[in-house]
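Note that the coordinates shown come from a computational prediction; the quantities given were computed from them, not determined experimentally. Per chain, numbering begins at 1; letters A, B, ... match sequence-line order.
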Protein chains: 2
Amino acid sequence: MTSSRHPLPANRLLAALSLRSRERFVVDCDPVKLTFAEVLCESGERINQVYFPTEGFVSLLTPLDDGARLEVGIVGDEGMVGTPLLLGVNTSPLQAVVQGAGIALRMNAAAFRKHCRQDDEIQKRLNLYLHVSIRQLAQTAACTRYHSIEPRLARWLLMSRDRAHADQFHLTHEFLAYMLGVRRVGVTQAARGLHARGFISYIRGSITILDNTGLEKVSCSCYRRGNEMYEQTLGKPRGGRARAAGELAS
Amino acid sequence: MTSSRHPLPANRLLAALSLRSRERFVVDCDPVKLTFAEVLCESGERINQVYFPTEGFVSLLTPLDDGARLEVGIVGDEGMVGTPLLLGVNTSPLQAVVQGAGIALRMNAAAFRKHCRQDDEIQKRLNLYLHVSIRQLAQTAACTRYHSIEPRLARWLLMSRDRAHADQFHLTHEFLAYMLGVRRVGVTQAARGLHARGFISYIRGSITILDNTGLEKVSCSCYRRGNEMYEQTLGKPRGGRARAAGELAS
DNA sequence: CTCCCTCTGTACGGCAACGAACACATGAAG
DNA sequence: CTTCATGTGTTCGTTGCCGTACAGAGGGAG
């Protein structure tokens with residue numbers, strides 16, 4: 001389904017590397033399937049592998065005292081799962097769950113650490129990605145605090161769309177409620193609102209986006225800002241090489 | 001006011017460095033006063049200096065579309081202001097505002113980058129701090145979503161106490177409301193609740209903590225978890241050298 | 001076709017926080 | 001002392017979401 005010559009590096013983070021770095025890196029990767037609801041990494045557990053999704057996407061959830069969880073990040077082909085290794089930590093604070101089935105390049109943690117040490121270009125680029133993730137996390141925190149369910153749902157759908165490269169997702173209101181940290185009923189009502197305006201349609205465990213620009217309008221500005229963050233420090237989404245603005249140091 | 005031989009490195013992040021690394025590092029630092037409400041760094045602006053508070057503490061705020069802000073982190077003598085530089089980014093996504101007046105060691109950004117490049121021990125330790133910050137950020141996001149004002153207020157007071165090393169703060173309900181992202185009235189009511197149980201007292205712009213353990217009980221578990229995070233990856237709060245658990249990689 | 005499980009629609013009371021407004025205390029400035 | 005700005009106490013109606021409950025609508029298994 002990918003349009004590149006080799007089916008491998010359709011992950012944008014890797015695609016932006018120089019040919020040399022990319023080839024050396026990808027040698028130690030295995031393409032693996034991501035199946036829906038698969039847990040790539042449990043929170044508090046050791047990180048054994050890192051993942052670079054090429055299709056599908058992954059949610060990052062933070063645990064709370066009483067077993068409740070809240071989604072605090074989404075990873076698709078623009079990112080990676082396993083960022084703590086970049087900082088010398090091999091335990092994941094977050095749970096990584098596959099939201100949209102697909103494919104990822106996988107590398108074991110030790111090899112990943114080795115590549116980061118040996119190839120400065122890789123380390124640098126992944127550091128930039130980590131920075132963007134942190135910004136998104138802060139943005140999501142504020143969004144979750146201030147914005148109501150409907151805009152947040154719209155934002156979630158758009159973000160997922162961008163990462164899954166698909167207009168249709170197989171998930172239930174119940175699941176969305178879990179992600180957004182709200183009641184299922186709340187999701188149903190918000191979904192009905194979006195449906196009434198012709199932005200989405202849905203039936204039994206499947207949601208389809210009909211009107212992106214409509215969704216963007218009702219979604220809070222957090223969606224747009226999130227995209228801007230990415231472009232600012234990692235360059236244009238589909239552009240080949242890194243072309244970050246002027247915020248890189250030294 | 002500090003009890004160390006030299007008044008300089010009472011910042012725990014620096015104190016945990018080896019003598020050699022610390023001395024080389026501190027040479028390029030200047031002790032500066034942190035005055036209340038001073039903005040150390042504006043969000044979106046270039047990071048010109050990094051700060052290692054030794055007394056007082058700093059809030060990190062994320063901006064929202066409509067000019068509203070939300071506190072997403074606190075930095076005291078356990079941390080630093082300017083972490084994006086660690087990732088090769090010289091623009092701060094967050095606004096850093098002095099909450100509790102005090103003192104910090106300041107270094108200009110270029111020198112800081114140089115030290116990080118040249119001294120692996122420093123880079124590594126600061127990376128660990130960054131990791132803890134990220135965890136706290138995720139925790140705060142969930143806390144802000146799920147927990148009500150009173151527990152959050154209790155947590156905020158405890159966190160500030162730990163960082164300011166003082167039981168009394170000069171701030172108004174209005175200001176606390178701004179930090180917590182709620183109405184001033186909400187803070188007043190929560191404060192009254194805590195006062196009624198004898199945990200705090202307050203008068204016109206000054207809050208005093210009377211009973212830590214009481215506060216800990218009403219505060220959500222996020223407070224305790226936050227401390228655990230720090231200890232897990234950076235060692236005991238007041239211990240001299242780094243003694244992290246088993247989550248360090250390689 | 002029928003049964004049954006899952007998913008969605010709808011309703012109810014309740015609560016925490018909201019926006020707005022105003023009264024009262026305190027302390028600094030004139 | 002008086003004035004005035006600032007900080008805190010209190011109230012009102014409103015809103016968004018909560019917890020819960022139950023009815024209907026698919027869709028797969030038998």
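- Looking at heavy-atom distances under 4.0 Å, Gly186(B) makes no contact with the nucleic acid at all.
- Among the protein residues, Arg184(B) comes within range of the nucleic acid bases, having at least one heavy atom under 4.0 Å from a base atom.
- dT10(C) atom C1' lies 9 Å from atom CZ of Arg192(A), rounded to whole Å.
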(message) Run Asp162(B) and Tyr230(B) through side-chain hydrogen bond (donor to acceptor under 3.5 Å, both in side chains) and show every step you take.
(response) CA-CA 12 Å; Asp162(B) 293 344; Tyr230(B) 193 88; over 6 Å; no
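- In this model, the phosphate group of dG26(D) is not approached by any side-chain N or O of Arg204(A) to a distance below 4.0 Å at OP1 or OP2.
- Taking atom CG of residue Leu171(B) and atom C1' of nucleotide dT8(D), one finds them 14 Å apart after rounding to whole Å.
- The backbone N or O of Gly181(B) lies less than 3.5 Å from a partner atom in the side chain of Arg145(A), making a donor-acceptor pair.
- Between the side chains of Ser219(B) and Glu216(B), no donor-acceptor pair is found at a separation under 3.5 Å.
- Between the CG atom of Leu176(B) and the P atom of dG7(D) there is a distance of 12 Å, given to the nearest Å.
- Of the candidates dT8(C), dC18(D), dT20(D), the closest approach to any side-chain atom of Thr172(A) belongs to dT8(C).
- Per the geometry, OH belonging to Tyr146(B) stands 16 Å off P belonging to dA17(C), to the nearest Å.
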(message) I'd like to know whether Phe175(B) forms a ring pair (Phe, Tyr, Trp, His ring centres under 6.0 Å) with Phe36(B), so could you lay out the CA-CA distance, the side-chain angles of the two residues, the decisive distance to 0.1 Å, and finally the verdict.
(response) CA-CA 12 Å; Phe175(B) 211 80; Phe36(B) 179 74; 5.6 Å; yes
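- Here dC17(D) presents its P atom at 18 Å from NE2 of His147(B), a figure rounded to the nearest Å.
- Side-chain nitrogen and oxygen atoms of Tyr202(A) include at least one within less than 4.0 Å of the OP1 or OP2 phosphate oxygen of dG9(C).
- Nucleotide dC17(D) holds its P atom 11 Å from the CG atom of Leu180(A), rounded to whole Å.
- Rounded to whole Å, the distance from OH on Tyr178(A) to P on dC7(C) is 15 Å.
- Contact annotation for Val182(B): backbone-only contact, meaning every heavy-atom pair under 4.0 Å involves sugar-phosphate atoms and none involves a base.
- To the nearest angstrom, P of dC15(C) lies 17 Å from CD1 of Ile149(B).
- When each of Glu174(B) and Gln189(B) is assigned the nucleotide of DNA chain D bearing its nearest heavy atom, the one mapping closer to the 5' terminus is Glu174(B).
- Distances shorter than 4.0 Å separate none of the side-chain N or O atoms of Arg145(A) from OP1 or OP2 on dC17(D).
- One N or O donor and one acceptor, one from the side chain of Arg183(A) and one from the base of dG19(D), sit under 3.5 Å apart.
- Here the side chain of Val185(A) is nearest to one of dA17(C), dT10(C), dT10(D), namely dT10(C).
- Side-chain N/O atoms of Ser206(B) and Gln168(B) include a donor and acceptor closer than 3.5 Å.
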